[in-house]
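See structure below.
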Number of protein chains: 2
Amino acid sequence: MPSAAAEPLTPERILETTEEVLRRFGPTKATVVDVARALGVSHGSVYRHFPSKAALREAVTDRWLAKSVVMLEGIASAPGEAAPSKLESWLEALFEAKRHKAGDDPELFATYTVLLAENSGVVDTHLTELIDQLTRIIAEGVAAGTLAAPDVPAAARAVFDATGRFHDPQYVAEWFSPTITTEFEAVVALVIRGLRA
Amino acid sequence: MPSAAAEPLTPERILETTEEVLRRFGPTKATVVDVARALGVSHGSVYRHFPSKAALREAVTDRWLAKSVVMLEGIASAPGEAAPSKLESWLEALFEAKRHKAGDDPELFATYTVLLAENSGVVDTHLTELIDQLTRIIAEGVAAGTLAAPDVPAAARAVFDATGRFHDPQYVAEWFSPTITTEFEAVVALVIRGLRA
DNA sequence: CGGCTGACAGATATTGAAATCTGTCAGCCG
DNA sequence: CGGCTGACAGATTTCAATATCTGTCAGCCG
């Protein structure tokens with residue numbers, strides 16, 4: 001057994017190491033035993049902090065998704081930008097973030113795509129958070145008289161659904177087509193026009 | 001060998017039998033040998049009409065997709081319906097057709113979903129045909145002054161992309177959620193509002 | 001005492017040998 | 001003669017034996 005590190009074994013440290021192991025071995029080969037080995041502990045110790053491999057992977061997934069939510073929250077709650085323009089910025093930031101992640105490290109992105117498919121509950125929560133941000137932006141626009149929507153949450157959901165091709169990881173392959181930007185802009189323009197007062 | 005049928009071996013007959021074999025065995029188990037056996041010929045004879053298994057499966061896929069195109073063409077080219085309403089009818093028919101196919105025989109639908117993933121070229125052609133129909137509907141509306149779009153083909157493409165969740169087979173699982181109809185209507189309303197003159 | 005270990009049972013994944021399939025073609029049969 | 005057959009080589013799939021992994025827990029060690 002490798003010389004024990006003095007650091008205590010915390011959920012946080014396990015999560016970091018799990019990310020690292022997933023990055024190195026991919027979603028199918030990464031095992032709890034690998035994580036334990038990388039931490040220099042027995043795999044039984046990992047089970048002291050997470051009840052199952054599934055729970056561990058779920059926690060990693062949640063952590064990863066949380067980063068985008070925070071970034072987008074910055075745009076959603078920034079004062080001073082009018083709602084229509086803010087809506088466009090938000091959608092562009094969402095697409096740009098996804099595309100960047102996928103382009104920078106395709107293998108890691110593929111790994112997380114697998115994790116996402118495994119953890120539909122976590123994904124649902126995440127999507128709800130994003131749609132909440134959209135709801136707030138649209139509500140702002142309705143209050144200011146620049147946007148119109150009979151049912152604001154439904155409109156937010158519709159905007160999210162309509163732009164799915166540009167944020168749903170199932171479409172990664174299309175995000176690097178030469179025409180994708182034009183297509184994205186056309187959908188965003190259509191959607192914003194549909195929402196204008 | 002089974003008693004030879006008098007009927008000549010035609011590409012058409014091979015295609016029908018291939019569909020039948022795919023229906024019975026599914027996309028992973030169906031083999032060229034199975035098709036030949038069902039036809040009462042040797043598998044070498046099948047290769048006389050189709051150069052490869054891939055070409056055979058591609059032809060079956062093409063045939064299947066062609067059916068929807070014909071049905072939707074009926075709506076697209078029907079006279080007497082104003083463009084905004086026709087656009088809505090067309091999108092509803094597309095969604096309804098897909099949902100029906102998927103609900104009636106989920107296994108067969110899953111089989112064709114695999115075939116679709118294998119034959120992206122055929123799918124691309126099919127999508128182009130559908131977007132052409134949309135282009136014609138929108139052009140009609142622009143000519144009549146009921147719709148507005150600076151670039152009609154781009155708008156057609158945007159409408160198709162925006163409604164992807166309701167026709168892309170990757171989303172089958174969601175087509176039977178209790179809220180899907182509401183969500184579909186919200187997206188269609190948003191899109192049509194975005195196109196109105 | 002309390003966190004950690006490591007052996008264990010059952011579940012899952014890997015491996016390599018055997019079976020089947022794809023695609024070709026020389027020759028048969030009507 | 002011309003469409004069809006069936007044997008064949010190489011590629012792919014299947015299957016069962018083997019190895020590894022997951023999750024538990026009695027007991028060790030600091």
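A, B, ... follow the sequence lines: proteins, then strands. Residue 1 opens every chain.
Protein atom CD1 of B/Ile14 is 12 Å distant from nucleotide atom C1' of D/dG3, rounded to whole Å. Between B/Leu39 atom CG and D/dG3 atom C1' the separation is 15 Å, expressed in whole Å.
Listed by first and then second residue, the salt bridge (charged side-chain N to carboxylate O under 4.0 Å, His left out) pairs involving residues 45-57 of chain A are A/Arg57-A/Glu118 (not counting sequence neighbours).
For DNA chain D, the stems formed by at least three consecutive Watson-Crick or G-U pairs, with both atom-pair distances below 3.5 Å, span C:1-30 with D:1-30.
Taking the side-chain contact (heavy atoms from CB on, under 4.5 Å) definition, one finds that A/Arg24 meets it with A/Glu20, sequence neighbours left out. A search for side chain to side chain donor-acceptor pair (under 3.5 Å) contacts involving A/Arg63 returns A/Glu12, A/Glu19, not counting sequence neighbours. Evaluation of the side chain to side chain donor-acceptor pair (under 3.5 Å) rule for A/Ser68 yields A/Lys101 as partners, not counting sequence neighbours.
When side chains are defined from C-beta on, A/Val159 does not count as touching A/Ile131, because their heavy atoms never get closer than 4.5 Å.
Just one residue in the list A/Tyr171, A/Phe184, A/Trp90 forms a ring pair (Phe, Tyr, Trp, His ring centres under 6.0 Å) with A/Phe95, and that residue is A/Phe184.
Note that the CZ atom of B/Phe109 and the CG atom of B/Asp105 stand 10.5 Å from one another [nearest 0.5 Å].
For D/dC4, the OP1/OP2 oxygens have no side-chain nitrogen or oxygen of B/Ser45 closer than 4.0 Å.
Here the closest heavy-atom approach between residue A/Ile192 and residue A/Pro84 is recorded as CD1-O, 3.7 Å.
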How would you summarise protein contacts on nucleotides 21-30 of chain C per nucleotide, using B for base, S for sugar-phosphate only and - for none, with heavy-atom distances below 4.0 Å? SBBB------

